[in-house]
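Beneath this line is the structure, given in structure tokens, with notes to follow.
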Amino acid sequence: MNGVSHVIGRAEPVPPEECSRMPDPAPADVTIALDGAAGCIAGARDRTWEFLTRVQSEHGLPVTARTMDLAQLVVSELVTNALKYAPGPVLLRLRVVDGMVEIEIWDSEPTLPLARAADAGRVGQHGLEIVLAVVQGFEARREPVGKCVTARLALFDDPLLGFGGPARGGGRSAPGHRPPEE
């Protein structure tokens, strides 16, 4: 068992006539229950890669290699924090909204995360700093039970687009995964 319980929800395909523009409703939305077992964090990264690959192949939406890598990094950091500081299960929700992938983590601990001041000498506890440095949006809110942390990344955010085209490869993929064929 890799710690990923099951998927709650399904992605609905976008009709071909809608692929030329970003559709208004989320074309893909999945929630994954994580139980904290060995392999859970790697499983969450794998599900993120699979989700974004499906967004590309089934919905025709662009997802850069950079976004693929950053989404896996953000999921890894946020799931790690949830499992470290909150008792009980964790829910990972991935969805596409307005050209962004939203990474939402729910856990049972009501204390909101706080990024610590940058300290190059500190060993560990840099996860939230890293997340805040790479995302375009971040929100943490208390829920009736626990809290929900949401990070947003642009699907097609690529700093090299203005310099002769999109980046090709160069980023790292989750272990055992190949970037989508071009």
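What's counted below: heavy atoms across the whole structure, side chains too, no hydrogens, waters or symmetry copies.
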Using the side chain to side chain contact (heavy atoms under 4.5 Å, CB included) rule, pick out the option among Ile105, Ile130, Val134, Ile103 that qualifies with Glu77. Ile130
Does Arg142 use its side chain to pair, donor to acceptor, with the backbone of Pro110 at less than 3.5 Å? yes
Under the side chain to side chain contact (heavy atoms under 4.5 Å, CB included) rule, what do Arg45 and Ile41 come out as? Steps first, then yes or no, please. CA-CA 6 Å; Arg45 283 192 305 267; Ile41 297 165; 3.5 Å; yes
Derivation and outcome, side chain to side chain contact (heavy atoms under 4.5 Å, CB included), residues Phe138 and Leu128: CA-CA 10 Å; Phe138 181 84; Leu128 191 54; 3.7 Å; yes
Measuring from Arg47:CZ to Leu92:CG, what's the distance to the nearest 0.5 Å? 10.0 Å
Nearest heavy-atom pair of Phe156 and Pro62: which atoms, and what distance? CD2-CG, 3.3 Å
Pair Asp29, Leu94 - check side chain to side chain contact (heavy atoms under 4.5 Å, CB included), show working. CA-CA 6 Å; Asp29 187 329; Leu94 301 167; over 6 Å; no
Is there a donor-acceptor contact under 3.5 Å from the side chain of Thr67 to the main chain of Ala154? yes
Are Leu132 and Leu78 grouped together when hydrophobic residues (ILVMFWY) are joined by side-chain heavy atoms under 4.5 angstrom apart? yes
Is the backbone N or O of Ala44 less than 3.5 Å from a side-chain atom of Thr48, with the two atoms forming a donor-acceptor pair by type? yes
How close do Arg141 and Leu112 get, heavy atom to heavy atom, and via which atoms? C-CD2, 3.7 Å
Heavy-atom check, side chain of Val149 versus side chain of Trp106, under 4.5 Å: no
Taking atom CD of Glu104 and atom OG1 of Thr150, what is their separation to the nearest 0.5 Å? 4.0 Å
Report yes or no: does Gln56 contribute a side-chain atom to a donor-acceptor pair with the main-chain N or O of Leu61 at less than 3.5 Å? no
May I ask you to test the Leu155-Val96 pair for a side-chain heavy-atom distance under 4.5 Å? yes
Which pair of heavy atoms, one from Arg152 and one from Val135, lies closest together, and at what distance? O-CB, 3.5 Å
Give, for atom CH2 of Trp49 and atom CD of Gln72, the distance between the pair rounded to the nearest 0.5 Å. 8.5 Å
Using the side chain to side chain contact (heavy atoms under 4.5 Å, CB included) rule, take Arg93 and Arg95 through it: C-alpha gap first, then chi angles, then the decisive distance, then the call. CA-CA 7 Å; Arg93 181 180 186 195; Arg95 67 184 185 147; 3.5 Å; yes
Examine distances only and state if a side-chain atom of Lys147 and a backbone atom of Glu109 form a donor-acceptor pair shorter than 3.5 Å. yes
What distance separates Cys40 SG from Ile32 CD1, expressed to the nearest 0.5 Å? 10.0 Å
Pro113 versus Ala140, closest heavy-atom pair with distance: CD-CB, 3.9 Å
Do Leu91 and Val145 sit in the same hydrophobic cluster, where Ile, Leu, Val, Met, Phe, Trp and Tyr count as joined when their side-chain heavy atoms come under 4.5 Å apart? yes
Which heavy atom of Gly36 sits nearest to which heavy atom of Leu83, and what is that distance? CA-CD2, 3.7 Å
